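This report refers to the structure that appears directly beneath it.
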Protein chains: 2
Amino acid sequence: MQGFTQPLFSVDSVLFTVVDGRLKVLMVKRAQSPYEGLWALPGGYVDVAQDVNTEATANRKLKDKTGIEPTYLEQFKAYSGHERDPRGFSVTLAYFALIGYQDAQSQIATVEQAQWLDVASLASVSIAFDHRQIITDAQQRLVQKALYSMLPVYCLPAQFTIGQLKDVIETLIGRPIQRKSLIRRIESADMLEELDEMAITGKRQAKLYRVKAGAEVHHFQRNLEG
Amino acid sequence: MQGFTQPLFSVDSVLFTVVDGRLKVLMVKRAQSPYEGLWALPGGYVDVAQDVNTEATANRKLKDKTGIEPTYLEQFKAYSGHERDPRGFSVTLAYFALIGYQDAQSQIATVEQAQWLDVASLASVSIAFDHRQIITDAQQRLVQKALYSMLPVYCLPAQFTIGQLKDVIETLIGRPIQRKSLIRRIESADMLEELDEMAITGKRQAKLYRVKAGAEVHHFQRNLEG
DNA sequence: CAAATAGTGTCTATTAGACAATATACA
DNA sequence: TGTATATTGTCTAATAGACACTATTTG
């Protein structure tokens with residue numbers, strides 16, 4: 001086949017959610033060397049007997065290490081080089097995932113070594129490998145997508161109000177947006193459906209929405225202001 | 001380290017150029033099994049003794065197999081699974097590259113097994129692995145980027161006219177655009193500089209432009225019409 | 001001057017931002 | 001009824017499309 005060493009190949013996932021106006025990332029405490037005891041992204045090696053592809057690896061490792069099955073998962077970026085793992089040249093394929101906080105909490109409860117860390121406070125946390133850089137890059141991608149797509153709906157539970165979606169988008173992009181602009185985009189995207197139920201989040205009740213079955217993430221022709 | 005088989009990991013590049021209103025992709029004829037004699041993307045295995053990361057692998061393999069050093073190279077997407085290579089579970093990390101046709105021709109001359117294939121005519125060509133799918137995906141990405149960024153400048157030689165850039169963009173996105181819109185975008189992107197020289201491509205001479213030294217690919221807030 | 005390509009001026013269409021106006025629910 | 005949140009109406013700003021107009025070069 002070939003005469004020289006193959007790089008060590010792994011898959012890692014950056015699973016984000018938004019809660020109380022803060023962006024959180026799910027991390028696990030490493031049980032083994034290297035970087036034992038440090039926080040790391042949930043991930044691991046492909047099991048060629050079990051995984052049909054690397055996306056399956058990402059989902060399996062998330063489920064095994066944290067209990068969570070994300071509502072959104074997309075391939076993000078590969079990181080490679082000699083420096084990122086003391087064991088030698090390695091490649092990790094990073095996936096980018098989203099889930100609503102409440103949906104996650106019902107799945108995560110029993111797994112103690114998995115925790116939501118505040119992305120804004122990561123500077124004071126010890127992080128394994130180059131996972132700090134991966135999180136930073138993934139966050140930038142999430143912010144960009146929040147400006148031109150409906151992706152942020154996957155940071156919410158299955159049913160949500162426009163006000164909750166507005167809060168999530170504002171948290172992601174770090175500045176307020178016009179509710180009117182969001183409503184116009186929801187209408188033109190045709191990706192959500194209005195439910196009969198209402199939610200009591202403020203004084204007046206708000207309409208509840210959910211993602212239409214089989215809907216693709218809508219991309220707009222124009223960004224929200226960056 | 002770990003007790004089970006690692007997937008076979010490789011790096012492939014989709015190098016595009018535009019010539020005479022046609023999108024071309026650079027492919028090489030496979031000299032060995034599997035898929036001996038079929039066209040494949042230039043790529044190969046990481047040499048951990050030589051490559052600092054997978055981008056270095058992409059550049060090295062392009063240089064070795066085709067003689068070309070692209071002016072633009074970005075990581076694109078990983079493809080994985082049991083089906084894509086008869087030797088077993090494999091992962092290939094695909095890069096996406098651009099070069100001006102004239103610049104490429106001066107480098108490619110001596111390598112005979114590398115050829116520019118017309119992307120619109122690939123249906124009638126026998127292609128190895130899942131490289132046909134990779135090319136299709138990369139083309140879609142290129143079209144999207146042509147709609148919201150200045151990326152198409154890297155399909156041209158170092159010096160070019162607005163008319164040539166317009167032709168390239170129209171080839172990529174498959175429909176005419178307004179010259180006026182392109183000029184407005186060039187001015188607001190602030191990524192090109194006007195040269196003193198003029199080019200004779202039609203009746204009236206046209207100003208020559210080049211990419212400013214160290215310029216980043218500009219992204220616009222709005223797409224050209226899709 | 002006619003023809004062809006390069007480049008400019010300007011009007012329209014679309015959609016995001018701003019913010020006023022109205023609606024609803026509850027104390 | 002007053003207040004807070006939800007929702008709608010409408011004006012402005014920014015930028016892409018359309019297209020007429022001017023400029024340059026060659027035959």
Side-chain angles (χ1 to χ4, degrees), chain A residues 21 143-150 152 156 159-170 172-209 218-226, chain B residues 21 143-150 152 156 159-170 172-209 218-226:
Chain A
V143 170
Q144 283 309 306
K145 292 212 167 195
L147 292 173
Y148 68 77
S149 82
M150 289 287 289
L156 287 166
Q159 301 186 2
F160 52 88
T161 67
I162 290 180
Q164 290 170 334
L165 180 54
K166 177 170 179 281
D167 287 346
V168 163
I169 295 171
E170 291 177 339
L172 293 177
I173 70 180
R175 61 170 192 79
I177 63 167
Q178 293 286 326
R179 167 186 281 275
K180 180 72 180 180
S181 299
L182 177 56
I183 290 172
R184 281 188 295 230
R185 289 178 86 131
I186 288 172
E187 283 167 1
S188 78
D190 194 35
M191 187 184 161
L192 304 185
E193 56 192 0
E194 211 171 294
L195 302 178
D196 293 333
E197 301 161 76
M198 304 287 276
I200 305 136
T201 58
K203 293 283 182 173
R204 176 173 167 180
Q205 291 186 337
K207 289 178 196 163
L208 274 171
Y209 291 80
H218 187 85
H219 285 44
F220 300 98
Q221 295 292 105
R222 267 177 88 162
N223 280 11
L224 296 171
E225 228 178 48
Chain B
V143 170
Q144 282 310 306
K145 292 213 167 193
L147 291 173
Y148 69 75
S149 82
M150 289 286 289
L156 287 166
Q159 300 185 1
F160 53 88
T161 68
I162 289 180
Q164 290 169 333
L165 180 55
K166 177 169 178 281
D167 288 346
V168 163
I169 295 171
E170 290 177 340
L172 293 177
I173 70 180
R175 59 170 195 79
I177 62 168
Q178 294 285 327
R179 170 186 212 84
K180 181 71 181 182
S181 298
L182 177 57
I183 290 172
R184 281 188 294 230
R185 288 178 87 129
I186 289 172
E187 282 168 1
S188 78
D190 193 33
M191 187 185 161
L192 305 184
E193 57 192 359
E194 210 171 296
L195 302 179
D196 293 335
E197 300 161 76
M198 305 287 275
I200 305 136
T201 58
K203 293 284 182 173
R204 176 172 167 180
Q205 292 186 337
K207 289 178 196 162
L208 274 172
Y209 292 80
H218 187 85
H219 286 44
F220 300 97
Q221 295 292 106
R222 265 177 91 163
N223 280 11
L224 295 172
E225 226 177 49

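Excluded from the calculations below are hydrogen atoms, water molecules and symmetry mates; all remaining heavy atoms, backbone and side chain alike, are included. Source: prediction; values computed, not measured.
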Checklist entry - Given the rule in the side-chain contact (heavy atoms from CB on, under 4.5 Å) test, do B/K207 and B/M198 qualify, once you have shown the distances and angles that lead to the verdict? => result CA-CA 5 Å; B/K207 289 178 196 162; B/M198 305 287 275; 4.1 Å; yes
Next on the checklist: If I compare all heavy atoms of A/A189 with all of A/M150, which pair ends up nearest, and what's the gap?
Outcome noted: CB-CG, 3.9 Å
Item to check | Bending between helix ends of the helix from C/dC1-D/dG27 to C/dA27-D/dT1 [5 pairs per end, 10° resolution] | outcome: 20°
Checklist outcome for this item: Whole-Å distance, B/L165 CG to C/dA6 C1', equals 14 Å
Checklist entry - Does a side-chain N or O from B/S181 land closer than 4.0 Å to OP1 or OP2 of D/dT15, or not? => result no
Checklist entry - Which residue lies toward the 5' end of DNA chain D, B/Q178 or B/R222, if each is placed at its nearest nucleotide? => result B/R222
Next on the checklist: Between P on C/dT15 and CG on B/N223, what's the gap in Å once rounded to a whole number?
Outcome noted: 12 Å
Which pairs would a plain distance check flag for residues 218-226 of chain A, meaning a side-chain donor or acceptor within less than 3.5 Å of a matching protein atom at least two apart in sequence or in another chain?
residue: A/H219; atom: ND1; partner: A/V217; partner atom: O; Å: 3.2

Next on the checklist: Would you compute the distance between atom CZ of B/R185 and atom CG of B/D190 and round it to the nearest 0.5 angstrom?
Outcome noted: 15.0 Å
Item to check | Whole-Å gap separating P (D/dT8) and CD1 (A/I186) | outcome: 11 Å
Polar atom pairs (N or O), protein with nucleotides 8-11 of chain C, under 3.5 Å:
residue: C/dG9; atom: N7; partner: B/K180; partner atom: NZ; Å: 2.9

Item to check | Gap separating the CD atom of B/Q164 from the OG1 atom of B/T201, nearest 0.5 angstrom | outcome: 6.0 Å
Next on the checklist: Taking any heavy-atom pair under 4.0 Å as a contact, classify B/T161: base, sugar-phosphate, or nothing.
Outcome noted: nothing
Checklist outcome for this item: To the nearest angstrom, the CD-P distance between A/Q164 and D/dT7 comes to 11 Å
Checklist entry - Roughly, in whole Å, what's the span from CZ in A/R175 to P in C/dA16? => result 12 Å
Next on the checklist: Output the rounded distance in Å from CZ (A/R185) to C1' (D/dT8).
Outcome noted: 19 Å
Return the polar atom pairs (N/O with N/O) between nucleotides 23-26 of chain C and the protein under 3.5 Å, or none.
residue: C/dA23; atom: N3; partner: A/R204; partner atom: NH1; Å: 2.6
residue: C/dT24; atom: O4'; partner: A/R204; partner atom: NE; Å: 3.3
residue: C/dA25; atom: O4'; partner: A/K203; partner atom: O; Å: 3.4

Checklist outcome for this item: CD1 (A/I177) and CG (A/D167) are apart, to the nearest 0.5 Å, by 9.5 Å
Checklist entry - Can you tell which of A/L172, A/I169, A/I173 makes a side-chain contact (heavy atoms from CB on, under 4.5 Å) with A/L147? => result A/I173
Item to check | Passing candidate, side-chain contact (heavy atoms from CB on, under 4.5 Å) with A/Y209, options A/L156, A/L192, A/T161 | outcome: A/L192
Item to check | Protein-nucleotide distance (A/L224, atom CG; C/dA18, atom C1'), rounded to Å | outcome: 14 Å
Checklist entry - Which residues satisfy the side-chain contact (heavy atoms from CB on, under 4.5 Å) test with A/Q178, sequence neighbours excluded? => result A/S181
Checklist outcome for this item: The side chain to side chain donor-acceptor pair (under 3.5 Å) partners of B/E193 (sequence neighbours excluded) come to B/R210
Next on the checklist: Measure CE/A/M150 against P/C/dA16 and give the value in whole Å, please.
Outcome noted: 12 Å
